[in-house]
Amino acid sequence: MLIETFIVGMYETNCYIVYDEKTLEACIIDPGDEAKRLAKFIDSKNLILNSIILTHYHYDHIGAVEELQRKYGSQIYCHKKEVEGLNDSQINGSIIGKKKVIEVTGDKLLSDGNVIRVGEIDLEVIHTPGHTPGGICLRVKNKNIIFTGDTIFSDDLGRTDLIGGSEEVLKKTITNKVSKWPDNIIIYPGHGDICSMREVRGRKIQYLTSKVK
Ligand SMILES: [Zn+2]
Ligand SMILES: [Zn+2]
């Protein structure tokens with residue numbers, strides 16, 4: 001399994017292309033912008049982009065979806081609670097932030113515990129609401145890697161003041177789910193640096209317990 005990281009768009013969103021170097025099957029997580037740059041990489045490696053996976057509906061994570069979907073015919077995966085926001089430029093913020101309407105329709109609707117197969121790679125869906133109602137993290141099975149979108153970063157939690165956000169719900173997500181992740185998990189967040197859970201715990205982020213119970 002290989003991971004290529006791209007920092008895209010004005011909000012410096014981390015977009016990840018995860019691929020199986022044997023079968024060349026690939027998925028892209030949060031193609032926020034710069035579709036042509038992403039496509040250039042996909043084509044240079046001859047990757048088969050079967051799936052576009054969205055951690056949540058915010059416009060800085062979905063700006064290149066339409067162009068990539070059109071070019072590669074990929075399936076769009078999102079949590080079932082994100083459908084409305086993806087389809088509504090007011091909720092996903094595109095009309096405010098970019099003055100460009102972005103509306104996306106999900107093809108494959110996910111629930112907690114679903115597994116997305118990309119070649120020999122299995123990505124397990126963890127529903128982590130709070131930043132948005134259907135935000136997800138993706139855990140790579142048999143590897144200590146979790147893609148976290150805007151649920152948790154290397155030094156902070158995602159904001160909860162945007163449409164659909166809830167401090168109370170995020171607190172539950174962090175307490176009941178994220179706090180249970182072991183120290184050796186490597187977090188690939190939606191913005192900022194990649195880091196280990198050990199490092200994240202050292203930064204004393206709100207609601208995140210310092211020890212795995
Ligand atoms: Zn967000
Ligand atoms: Zn974001």
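Both counts, for ligands and for their atoms, begin at 1 and track the order of listing. In this chain, numbering begins with 1 at the start of the sequence shown.
In this structure, CG on D60 lies 10.5 Å from OG on S94, to the nearest 0.5 angstrom.
Minimum interatomic distance between F153 and H191 (heavy atoms only, all atoms of both residues): CD2-O, 3.5 Å.
Annotation: protein N, O or S atoms under 2.8 Å of the Zn ion (ligand 2) (waters excluded) comprise D60 OD2, H61 NE2, D150 OD2, H191 NE2.
Looking at H131, its N, O or S atom nearest to the Zn ion (ligand 1) turns out to be NE2.
Annotation: ring-ring contact (aromatic ring centres under 6.0 Å, His included) contacts involving residues 113-145, sequence neighbours excluded, comprise H56-H131, H58-H131, H79-H127.
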For residues 137-144, dump all side-chain donor-acceptor pairs below 3.5 Å to protein atoms at least two apart in sequence or in another chain.
none

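Legend: residues meeting side chain to side chain contact (heavy atoms under 4.5 Å, CB included) with T105, ordered by chain and number and at least two apart, are N87.
Here the options are I145, I3, T5, N14, the test is side-chain contact (heavy atoms from CB on, under 4.5 Å), and the partner is I194; only T5 passes.
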